[in-house]
Amino acid sequence: MLRTHTCGELRMNHVNSEITLCGWVQRSREMGGLTFIDLRDRYGITQLVFNQDVSPALCSEARKLGREFVVKARGKVAERSNKNPKMPTGDVEILVEELTVLNISKTPPFTIEDNTDGGEELRMKYRYLDLRRQVNKKNLELRHRLSFETRNYLDAQNFIDIETPYLIKSTPEGARDFVVPSRMNPGQFYALPQSPQTFKQLLMVAGFDRYYQIVRCFRDEDLRADRQPEFTQIDCEMSFVTQEDILNTFEGLARHLFRKVLNLETGDFPRMSYTDAMMLYGCDKPDIRFGMTFSDVTLLMKGKGFKVADDAELIAGIRADGCAEYSRKQLDELTDYVKRPQVGATGLLYIRYAADGSIKSSVDKFYTADDLAGILKQCGAAPGDLVMILAGQTEKTQKALCELRLEMGRRLGLMKAGEFKPLWVTDFPLLEWDEETKRFYAKHHPFTSPKPEDIALLDTDPGLVRANAYDLVINGVEIGGGSIRIHNKELQHKMFQVLGFTEEDAQNQFGFLMNAFEYGAPPHGGIAFGFDRWSMIFGGGDSIRDFIAFPKNNSGRDVMIDSPSEIKEEQLKELNIRLANQLK
RNA sequence: GGACUGGUAGUUCAGCUGGUUAGAAUGCCGCCCUGUCACGGCGGAGGUCGCGAGUUCGAGUCUCGUCCAGUCCGCCA
């Protein structure tokens with residue numbers, strides 16, 4: 001090693017030791033005859049001192065160092081006369097006796113500091129410089145801890161890590177596939193896996209009754225702050241289990257991670273049915289760090305001659321405690337908020353229940369004092385509270401009220417950083433009706449088993465069938481989800497039938513799985529967690545990009561290596577591909 | 001596919017109802033400074049106002065188009 005210590009470890013007990021450090025020049029401060037240099041590596045920062053009186057030659061060498069020069073310094077650890085309590089190494093400094101420049105550096109385009117002056121785009125272009133910043137290093141270290149502890153826990157539970165292929169087969173269900181041309185099979189393509197779903201089920205058939213993998217998945221869909229085209233899952237599957245076994249095993253994983261990585265003890269995770277989540281929070285991934293649940297006031301508001309209410313399928317409200325004194329301006333802001341196209345409400349009704357007991361609403365024209373009192377009671381309002389109500393089509397109203405609730409949560413500071421409220425959401429519907437194509441789609445995936453008591457409904461009312469499917473939600477973020485799978489060939493056939501697959505389609509796309517199921521498939525089920533999201537939640541971030549070493553931007557581009565990019569004509573030819581714009 | 005926000009010095013931003021030589025901070029360079037640690041002081045360099053049209057006597061500023069970035073909706077079994 002070129003060094004004897006790191007820049008983060010020297011303390012008072014090292015005073016007088018001869019040491020050698022290597023690192024990057026964070027910053028230098030020149031005081032005339034004295035030069036201070038902050039030397040940084042992965043572990044911290046240590047101050048080097050050069051004294052004009054002691055060694056003029058060394059001092060003038062030190063003055064030539066620029067930011068981010070890579071330097072080796074040999075010298076003696078000394079107690080500082082002026083200590084810096086803000087730094088872990090702030091009690092000591094290095095009296096440098098020998099200085100070697102290991103490499104020079106151009107001035108970086110932004111400052112390598114926690115509060116950098118660099119914008120997102122620039123930092124992504126120079127990601128290797130961005131990653132020198134403490135905040136990013138911390139995030140990647142956290143990610144490493146999570147991955148390490150996940151493996152620890154699962155290994156202790158007898159899970160084994162088995163790799164599955166990346167070059168697989170494209171299927172039309174679900175997300176859009178990334179596709180890879182096959183040179184050896186002209187005109188044919190592999191697809192990159194959206195998840196190892198079918199392979200892990202085949203591993204169950206093979207008898208590996210506890211499998212896991214921390215694995216890359218690929219989906220060619222539009223991106224978000226919490227979505228990347230390639231992302232990492234903790235993918236797990238178990239045989240001979242009930243839903244209860246899976247929830248317990250992976251609640252155990254979550255608790256283990258909370259304990260080992262964040263040093264937090266979390267009690268039993270609450271559970272909520274999908275139906276309740278929709279009724280109380282208007283979405284399937286509620287943030288339960290705060291209440292403000294929905295109250296259904298449909299029956300109380302209909303039939304009083306107020307057209308908006310009379311035409312509505314659902315009228316529901318939320319109660320903001322102590323907000324009765326919200327100004328007209330604040331209420332207008334909230335109205336504008338819910339009317340944004342992304343939220344989609346047509347308007348916002350409110351009832352102020354003033355501290356003195358008086359009631360004032362935006363719909364006084366249509367409702368008597370008794371009517372309003374009834375609504376307030378339904379919402380559990382006390383004097384001083386504000387009730388906000390949305391009306392309309394059920395799904396739209398739920399979604400908009402859900403957004404409004406979250407907005408109020410933000411405004412009132414109810415989503416506290418550092419507080420974690422995990423939740424299991426269970427009993428998801430098996431199928432989802434699509435208006436456009438006039439058919440059912442699997443809400444989770446086509447191998448999800450229906451609840452046994454609902455199987456009869458597959459023939460009569462498929463939309464009502466509930467699945468043995470579950471999601472883990474933390475603070476309103478969907479961290480993972482899974483299901484008990486179908487292991488019975490007939491039921492799987494039935495499922496494909498309901499999904500509108502012909503026998504041929506099913507055979508063509510999933511024949512390998514159906515065939516496997518004919519050779520003694522064990523009952524099995526599993527779950528997959530979004531590892532990037534989990535890192536983000538634990539790290540208190542709001543973008544998974546900050547927890548991925550080399551992420552892609554909003555349009556799926558890597559601005560550092562500038563990909564995707566065009567390929568040479570010869571490459572295309574070799575792959576038997578002609579571009580559409582060459583056909584013109 | 002759609003909505004919104006932004007693009008001005010290396011960087012982060014300001015720049016009003018269109019009007020003289022486009023500013024600040026920071027970074028960079030030079031000089032001074034022996035206990036700094038966001039050191040300090042003095043001086044200096046640094047601009048295709050994303051790009052292209054248009055309106056106008058005159059455009060960083062207004063209009064249209066376009067590109068890029070970000071947030072969101074659709075999408076993401």
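Numbered from 1 within each chain, the chains take letters A, B, ... in sequence-line order.
Neither side chain, A:Asp546 nor A:Asn139, offers a donor N or O lying under 3.5 Å from an acceptor on the other. A donor and an acceptor atom, one from each side chain of A:Ser483 and A:Arg485, are located under 3.5 Å apart. Using a 3.5 Å distance cut-off with no hydrogens or angles, the side chains of A:His445 and A:Glu173 do not pair a donor with an acceptor.
Here B:rU12 is the nucleotide among B:rU12, B:rC39, B:rG35 with the atom lying nearest to any side-chain atom of A:Asp117. Looking at the side chain of A:Pro109, the nearest of the listed nucleotides B:rA69, B:rG10, B:rC37 is B:rG10. Across B:rC39, B:rU26, B:rC37, the shortest atom-to-atom separation from the side chain of A:Gln47 is found for B:rC37. Ranking B:rA69, B:rU71, B:rG35 by closeness to the A:Ala225 side chain, first place goes to B:rU71.
Atom CZ in A:Arg123 sits about 12 Å away from atom C1' in B:rU11, given to the nearest Å. Computed from coordinates, the A:Arg227 CZ to B:rG70 P distance equals 14 Å when rounded to whole Å. The distance between atom CZ of A:Phe110 and atom P of B:rC28, rounded to the nearest whole Å, is 14 Å. Atom CG in A:Leu65 sits about 16 Å away from atom C1' in B:rC28, given to the nearest Å.
OP1 or OP2 of B:rC39 sits under 4.0 Å from a side-chain N or O of A:Arg29.
You won't find any donor-acceptor pair under 3.5 Å spanning the side chain of A:Glu121 and the base of B:rG70, going by distance alone. Between the side chain of A:Arg80 and the base of B:rU36, at least one donor-acceptor pair of N or O atoms lies under 3.5 Å.
At the heavy-atom level, A:Asn553 lies under 4.0 Å from the strands shown only through sugar-phosphate atoms. Among the protein residues, A:Leu122 comes within range of the sugar-phosphate backbone only, with heavy atoms under 4.0 Å from sugar or phosphate atoms but none that close to a base. A:Lys83 comes within contact range of at least one nucleobase, with a heavy-atom separation under 4.0 Å.
Taking atom C1' on both nucleotides, B:rG40 is separated from B:rU12 by 23 Å, rounded to a whole Å. Nucleotides B:rC51 and B:rC67, compared at atom P, are 15 Å apart to the nearest Å.
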Show each protein N/O and nucleotides 40-49 of chain B N/O combination with a separation under 3.5 Å, one pair to a line.
none

Close N or O pairs between protein and nucleotides 1-7 of chain B (under 3.5 Å):
| from | atom 1 | to | atom 2 | distance (Å) |
| --- | --- | --- | --- | --- |
| B:rG1 | O6 | A:Asp222 | OD2 | 3.3 |
| B:rA3 | N3 | A:Gln342 | NE2 | 3.0 |

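Screening residues 395-406 of chain A for side chain to side chain donor-acceptor pair (under 3.5 Å), with sequence neighbours left out, gives no hits.
Aromatic ring centres of A:Tyr166 and A:Phe218: separated by under 6.0 Å.
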